[in-house]
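First the structure, in the form of structure tokens, and then the observations on it.
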Amino acid sequence: MSKFGFTLLHTDKNSGARTGILHTPHGDVLTPMFMPVGTLATVKFVSPEELTAMKAGVILSNTYHLWLRPGEQVVKAAGGLHKFMNVDRPILTDSGGFQVFSLADSRKITEEGVTFKNHLNGDTMFLSPEKAIQIQNDLGADIIMSLDECPAYPSTHNYMKASVERTLRWAKRGKEAHQNENQALFGIVQGGDYADLREHCAKALVDMDFPGYSIGGTSVGEDKATLYRMIDHSIVHLPTHKPRYLMGVGSTDAILEGVLRGVDMFDCVLPTRIARHGTLMTSEGRLNIRNAKNEMDFGPIDPQCDCYTCQNYSRAYLRHLIRCDEGLGQRLLSIHNLRFLIKLTEEVRQAINEDRFTEFKDAYFKKHHLNSVNSRGF
RNA sequence: GGGGAGGUAGCGAAGUGGCUAAACGCGGUUGACUGUAAAUCAAUUCUCUCCGAGUUCGGCGGUUCGAAUCCGUCCCUCCCCA
């Protein structure tokens with residue numbers, strides 16, 4: 001019997017927001033949750049101990065990148081991704097589908113799979129739905145993804161329809177290739193901004209009966225209103241007793257909008273990337289630590305924050321570290337941003353459980369001057 | 001004392017008569033970043049009432065239609081030999 005499962009705890013009385021427990025072979029985690037991204041088997045600059053301290057749930061890694069380096073056989077020989085990177089918490093691997101999009105300059109998609117020219121040495125490589133599963137089986141993550149195509153936005157209805165059909169065939173092939181019941185394989189809903197294609201894709205995936213469903217094709221340059229429509233068009237066709245994962249979304253406004261619609265899982269490079277570049281998420285909004293105004297500010301990044309960085313370091317010191325390109329600065333800022341989003345989801349869960357999520361979301365949007373159309377919550 | 005090299009914007013450094021308010025790098029300032037080819041990328045960095053105008057290339061004085069670039073002179077720095 002699979003060690004994976006999802007328990008729905010409570011659904012907000014006034015919205016689709018819900019709390020739940022994701023059960024995995026490496027422990028239970030509460031949803032909604034934000035999942036830090038560690039593409040190359042490391043959340044850049046952040047140690048597993050630090051992830052534990054900030055109460056991170058699942059962390060992500062990437063099939064495409066680990067396939068190229070060090071190679072899935074190395075990870076398998078190490079005893080799997082958990083042992084390899086000394087992480088004793090649930091791990092999710094993306095399928096490489098997004099790289100089809102982000103490396104579009106050197107790829108060719110056929111029915112059989114995707115031919116890449118890899119970015120490290122230019123070697124031609126071939127990734128099929130079955131290969132993506134084999135690699136992810138070897139990596140050994142708790143949650144794995146079907147190989148999908150993540151088309152550019154916007155794409156024509158014709159192209160998107162063909163792409164969705166192919167993604168569905170790939171999902172079926174991947175599901176048939178996947179035999180490890182301790183790894184939960186998620187299907188990915190595509191279809192761009194087309195309601196009919198989202199519906200078709202979602203229903204077809206549900207018919208295949210996956211343990212969880214991802215909403216993909218997001219964070220590819222569409223505006224916020226479109227993103228929310230994509231969620232709406234997908235999520236109504238997904239079963240309530242299975243987890244929903246919105247891929248690649250990590251701005252605060254989009255997370256809250258996603259939760260409102262019933263999304264349980266989010267991942268994004270945003271908090272860690274902008275942290276390395278000196279931008280911080282705070283209860284008062286965006287803060288660029290490099291700004292001259294922080295030179296003599298010996299207070300914390302955010303007085304409301306309980307993270308390790310805010311408990312121990314000043315803005316002036318962090319500004320100094322970032323300006324000097326010191327790794328400790330990138331690490332401390334990454335810790336803060338990740339904890340900021342994780343803490344936000346903790347507050348979200350509490351609000352849902354108390355049936356006041358819409359009030360919580362409205363108050364947050366009002367405070368940060370956000371809206372549901374085109375705002376930028378970082 | 002003798003010989004040599006050189007002084008260009010915050011720093012380093014190109015430029016040797018007009019296309020130069022002056023390349024480029026660093027530093028400074030600001031911005032971007034959403035299933036990570038990202039410790040990356042972009043803008044800006046003499047002054048002003050910023051369309052446009054004004055004052056710059058050690059100082060002063062010349063030559064020239066025109067000078068950071070040529071000439072004279074003064075000041076300063078560095079190196080080698082005594």
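Order of the sequence lines fixes the chain letters, A, B, ..., with proteins taken first and strands second; residue numbering starts at 1 for each chain. Computed from a prediction, not measured in an experiment: that's the story for all the values here.
Among the protein residues, A:Gly216 comes within range of no part of the nucleic acid, since none of its heavy atoms lies under 4.0 Å from any strand. The residue A:Asn121 sits apart from the nucleic acid: no heavy atom pair falls under 4.0 Å. A:Lys117 comes within 4.0 angstrom of no nucleic acid atom, judged by non-hydrogen atoms across all strands. Across all strands shown, A:Glu222 has no heavy atoms under 4.0 Å from either base or sugar-phosphate atoms. At a threshold of 4.0 angstrom between heavy atoms, the contacts of A:Arg376 are confined to the sugar-phosphate backbone, with no base atom among them. Using a 4.0 Å heavy-atom distance criterion, A:Gly258 is classed as making no nucleic acid contact. Contacts of A:Leu60 with the nucleic acid, taken as non-hydrogen atoms under 4.0 Å apart, involve only primed sugar atoms and P, OP1 or OP2. Nucleic acid contact for A:Asp94: base, since at least one base atom lies under 4.0 Å from a heavy atom of the residue. Nucleic acid contact for A:Asn291: sugar-phosphate only, since backbone atoms but no base atoms lie under 4.0 Å from a heavy atom of the residue. At a threshold of 4.0 angstrom between heavy atoms, the contacts of A:Thr279 include nucleobase atoms, whether or not backbone atoms are also involved.
B:U29 atom C1' lies 12 Å from atom CD of A:Glu295, rounded to whole Å. As a whole-Å value, the separation of A:Leu333 CG from B:U40 P is 15 Å. A:Ile274 places its CD1 atom 18 Å from the P atom of B:C41, with the value rounded to the nearest Å. Across the protein-nucleic acid pair, A:Asp223 atom CG and B:U34 atom P stand 15 Å apart, rounded to whole Å. Residue A:Ile322 contributes atom CD1, which lies 17 Å from atom C1' of B:U29 at whole-angstrom precision. In this structure, A:Arg290 places its CZ atom 9 Å from P of B:G27, rounding to the nearest Å. Summarising the geometry, the separation between CG on A:Asn62 and P on B:U36 is reported as 5 Å, rounded to the nearest angstrom. In this structure, A:His65 places its NE2 atom 10 Å from C1' of B:G35, rounding to the nearest Å.
Within the 4.0 Å cut-off from OP1 or OP2 of B:U29, at least one side-chain nitrogen or oxygen of A:Arg319 is found. For B:A39, neither phosphate oxygen OP1 nor OP2 lies less than 4.0 angstrom from any side-chain nitrogen or oxygen of A:Arg323. Between A:Arg286 and the phosphate of B:A32, there is a side-chain N or O to OP1/OP2 separation shorter than 4.0 Å. The side chain of A:Asn288 contributes an N or O atom lying less than 4.0 Å from OP1 or OP2 of B:G31. A close approach under 4.0 Å does occur between a side-chain nitrogen or oxygen of A:Arg273 and OP1 or OP2 of B:U34. For A:Ser219 and B:U34, the shortest distance from a side-chain N or O to OP1 or OP2 is not below 4.0 Å.
For the C1' atoms, the distance linking B:U8 with B:A14 amounts to 9 Å, nearest Å. If you take atom C1' in B:U16 and the same atom in B:A22, they sit 13 Å apart, rounded to whole Å. Using atom P as the reference point in both B:G59 and B:C76, the two lie 15 Å apart (nearest Å). Between B:A13 and B:G6, the distance separating the two P atoms is 13 Å to the nearest Å. Comparing the C1' positions of B:G10 and B:G18 gives a spacing of 30 Å, expressed to the nearest Å. Separating the C1' atom of B:A67 from that of B:C60 is a span of 16 Å, rounded to the nearest Å. Taking atom C1' on both nucleotides, B:C81 is separated from B:U20 by 41 Å, rounded to a whole Å. Rounded to the nearest Å, the gap between the P atom of B:A43 and that of B:A23 is 15 Å.
Both A:Ser61 and A:Gln330 lie close to RNA chain B; mapped to their nearest nucleotides by heavy-atom distance, the more 5′-ward contact belongs to A:Ser61. Comparing A:Gly327 and A:Gly96 by the nucleotide of RNA chain B that holds the closest heavy atom to each, the one mapping nearer the 5' end is A:Gly96.
Across the strands present, B:C41 finds its partner in B:G31; the criterion is a Watson-Crick or G-U wobble pair with both atom distances under 3.5 angstrom. Pairing for B:C11 is with B:G25, a Watson-Crick or G-U wobble pair whose two hydrogen-bonding atom distances lie under 3.5 Å. Checking B:U73 for Watson-Crick or G-U wobble geometry (two distances, each under 3.5 Å) identifies B:G59 as its partner. Using Watson-Crick or G-U wobble geometry with both donor-acceptor distances under 3.5 Å, B:C78 finds its partner in B:G4. The base-pairing partner of B:U20, taking Watson-Crick or G-U wobble contacts with both distances under 3.5 Å, does not exist among the strands shown. Nucleotide B:U47 forms a pair with B:A53, judged by Watson-Crick or G-U wobble geometry with both contacts under 3.5 Å.
Using a cut-off of 4.0 Å between Lys/Arg side-chain N and Asp/Glu carboxylate O, A:Glu112 and A:Arg173 are scored as salt-bridged. Taking the charged nitrogens against the carboxylate oxygens, A:Glu295 and A:Arg323 have no contact shorter than 4.0 Å, which rules out a salt bridge.
Nearest nucleotide to the A:Lys44 side chain, out of B:G35, B:A39, B:U34: B:A39. Nearest to the side-chain atoms of A:His277 among the listed nucleotides B:A38, B:G31, B:U29 stands B:A38. The side chain of A:Gln99 sits closest to B:U36 out of B:C33, B:U34, B:U36. The nucleotide whose nearest atom lies closest to any side-chain atom of A:Phe45 is, among B:A37, B:U36, B:A39, B:A39. Checking B:U34, B:U36, B:G35 against every side-chain atom of A:Leu270, the shortest atom distance belongs to B:U34.
In this model, a donor atom of one side chain and an acceptor atom of the other lie less than 3.5 Å apart for A:Lys131 and A:Gln134. Side-chain contact annotation: A:Ser251 with A:Asp253, donor-acceptor N/O pair under 3.5 Å present.
Of the listed residues (A:Arg229, A:Lys224, A:Glu222), just one forms a side-chain hydrogen bond (donor to acceptor under 3.5 Å, both in side chains) with A:Thr226, and that residue is A:Arg229.
Between A:His200 and A:Tyr194, the ring center distance fails the sub-6.0 Å criterion.
Donor-acceptor pairing under 3.5 Å, judged by distance alone, is present between the side chain of A:Thr272 and the base of B:U36.
A:Ser234 contributes a side-chain N or O that, together with a main-chain N or O of A:Met230, makes up a donor-acceptor pair within less than 3.5 Å. A donor-acceptor pair under 3.5 Å is formed between the side chain of A:Ser61 and the backbone N or O of A:Ala41.
Not a single side chain to side chain donor-acceptor pair (under 3.5 Å) links A:Asp362 to another residue, sequence neighbours left out.
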